[in-house]
Amino acid sequence: MHIMEGFLPTPWLLLWFAISIPVLAYGIYKLDRLVSKKREILPLLAVAGAFVFVLSSLKLPSVNGSCSHPTGTGMAAIIFGPAISAVLGTIVLLFQALFLAHGGLTTLGANVFSMGIAGPVVAYLIYKAGMKAKLNFFLVVFLAATLGDWTTYVVTSLELALAFSGSTAEFLILFEKFATVFAVTQVPIAIMEGAVTALLFKYVINVKSDILVELKVVEAAVVNKIKGVSL
Amino acid sequence: MTNLLDDYALSSPLRYQNNWLKLAIVAFGLFAGVSSTSFPPLFFMSFCMAFATVYLGKTPPKLYLKLLLAPLGFAGIGALVLVFFMGSGQELYSFSLLGYPLNIRADGLALALLVLARAVNGMCCLYFLALTTPMIELFAVLKASRLPDSLIELSMLIYRYIFVFLDTALSIKYAQTVRLGYGNFKKSFNSFTMLASTLFIRSWEQGERLFVAMDSRCYYGKMPVFETKRPVKAPEILLTSIYFLITLALVHFKEITTIV
């Protein structure tokens, strides 16, 4: 859910830029370190970014008849971690603003915070916690992607409510209203995206599990268990 | 979904104007738009930007209208929330929906309209940039702006591969569609996940090949970009300053005559 160009008034859009830019700087620092250590990672990150963009420009069938665009950020967070997802997300959001008119330039800071930072962080934490608890791999991926999406919507409602309310009481009412409106349209979409992400990992594990093991996304033991191979 | 704005930007005559001038116009419009609290400057700016894009930039008017209407869905939802739940002033109209009272108040409506006008203005400015400046030109600007190299390299590579993967994704989608892969909900769900995962695996293999290809051509972490020198002409400066001055005057005029 992108906040559209021109929707946020002046002090708020600057605030979201101020919050997003340090995180982005940290992401770039991590990216630089990773690239200097493993040079082959840059082209791989580039294709992953392009993949997220293309995925988000395809329409995802949804239960209630409406169509939506998957965000793909949950997947990026699981594979690359939240810091690098923030960098990828920012570039993708910039391209979406310029190519597809999704989102905008002044609202880029707010959108980066909701879709590039908050969502991936939650997705990543849930994924790590779930894997540590040795839950079913696909269930964990599903939960991470779905809850990551929900976080994005909650943060988006928060950003909108903050921008338009004068007092705390007004803020609470507006936040609840925005969240309700988004919940009706976005909750089924988030569940769909969670299911798509889980299935996507299933195909990837079946065909090319080595890349996930190499990036330390899953352990070899988990892959073997899923494939039904006993060593 | 294949209507990328970049394709139109490549064939626009405004493509050959100075990038910094265009960026300055857009940045001015965006910031004046989000900080303005009255309608005249917003309408004036939207009109100027639309005129520049369609008349000077030779964007097909039909396409431009379609583009303007497309993102208004989001604006509509946001504005509706503001109409119904904001404001404390005079009640204009109220009704109840499923036993839940909904009130439209004067100040809530005014705020919603203002936000809508701002969104339209923002879209006009954004489209002016997107429809007249191809991404390739913006990369030269990004390089000159001293952002971290890795970020710019990454965005250039992503830009390159967007088109490759979009092609792949579309051909897979056509192939699935002619085999009735999107016949009902369950089938479309299956087809979509298959499309996404195939695309992921293919792009990954492409990335591995790309690394080998770039390495064997002595890639050292930086791709040089050729930047053409395009001096700003006098009439352009004149027109831009007139536009800036009128907008500022309109914003200022509102401050003197605070009616509402």
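In this text the structure is predicted, and so the values were computed from the model without any measurement. Each chain gets a letter, A, B and so on, in the order the sequences are listed, and its residues count up from 1.
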Against chain A, label L151(B) side chain, backbone, both or neither, depending on which of its atoms sit under 4.5 Å from a heavy atom there. both

Side-chain contact test, heavy atoms from C-beta onward, threshold under 4.5 Å: evaluate it for L129(B) versus L105(A) and give yes or no. yes

Please lay out, stage by stage, how Y161(B) and V54(A) fare under the test side chain to side chain contact (heavy atoms under 4.5 Å, CB included). CA-CA 9 Å; Y161(B) 274 91; V54(A) 171; over 6 Å; no

Counting only heavy atoms not in K202(A), do more than 12 sit closer than 6.0 Å to its NZ atom? no

Selection from G33(B), G207(B), A119(B), P148(B) maximising heavy-atom pairs under 4.5 Å formed with chain A: A119(B)

Atom pair OH/CG of Y219(B) and L42(A) - distance to nearest 0.5 Å: 5.0 Å

Should the ring pair F51(A) and F200(B) be called parallel, tilted or perpendicular, given that the plane angle runs from 0 to 90° and is split at 30 and 60? perpendicular

When you compare the side chain of L98(A) with that of Y127(B), does any pair of heavy atoms fall below 4.5 Å? no

Check step by step if side chain to side chain contact (heavy atoms under 4.5 Å, CB included) holds for T193(B) and T197(A). CA-CA 8 Å; T193(B) 48; T197(A) 312; over 6 Å; no

What distance separates L142(B) CG from L94(A) CG, expressed to the nearest 0.5 Å? 7.5 Å

One should read off an interatomic distance between T198(B) OG1 and Y203(A) OH, to the nearest 0.5 angstrom, of 7.5 Å

Tell me, for L31(A) versus chain B, whether the close heavy atoms (under 4.5 Å) come from the side chain, the backbone, both or neither. side chain

What distance separates L45(A) CG from I158(B) CD1, expressed to the nearest 0.5 Å? 8.0 Å

Turns out that what part of I205(A) lies under 4.5 Å from chain B's heavy atoms comes down to neither

With a 4.5 angstrom heavy-atom cut-off, could you sort out which part of A195(A) is near chain B: side chain, backbone, both or neither? both

Examine whether an atom of L24(A) lies under 4.5 Å from a heavy atom of chain B, and if so say whether it belongs to the side chain, the backbone or both; otherwise answer neither. neither

Could you walk me through whether I28(A) and S150(B) pass the side chain to side chain contact (heavy atoms under 4.5 Å, CB included) check? CA-CA 8 Å; I28(A) 292 172; S150(B) 55; 3.9 Å; yes

Which atoms of L114(B) are under 4.5 Å from chain A, going by heavy atoms: the side chain, the backbone, both sets, or neither? neither

Here the gap from I91(A) atom CD1 to S155(B) atom OG, rounded to the nearest 0.5 Å, amounts to 4.5 Å

Portion of M194(B) that has a non-hydrogen atom of chain A nearer than 4.5 angstrom: both

Where does V204(A) contact chain B at under 4.5 Å (heavy atoms): side chain, backbone, both or neither? both

Report the option among L210(B), N121(B), V115(B) that has the most heavy-atom pairs separated by less than 4.5 Å from atoms of chain A. V115(B)

Quick one: CZ on F192(B) to CD on E193(A), what's the gap to the nearest 0.5 Å? 8.5 Å

Among M214(B), R160(B), M135(B), E205(B), which has the most heavy-atom pairs under 4.5 Å with chain A? M135(B)

Let me know if E208(B) has heavy atoms under 4.5 Å from chain A in its side chain, its backbone, both or neither. both

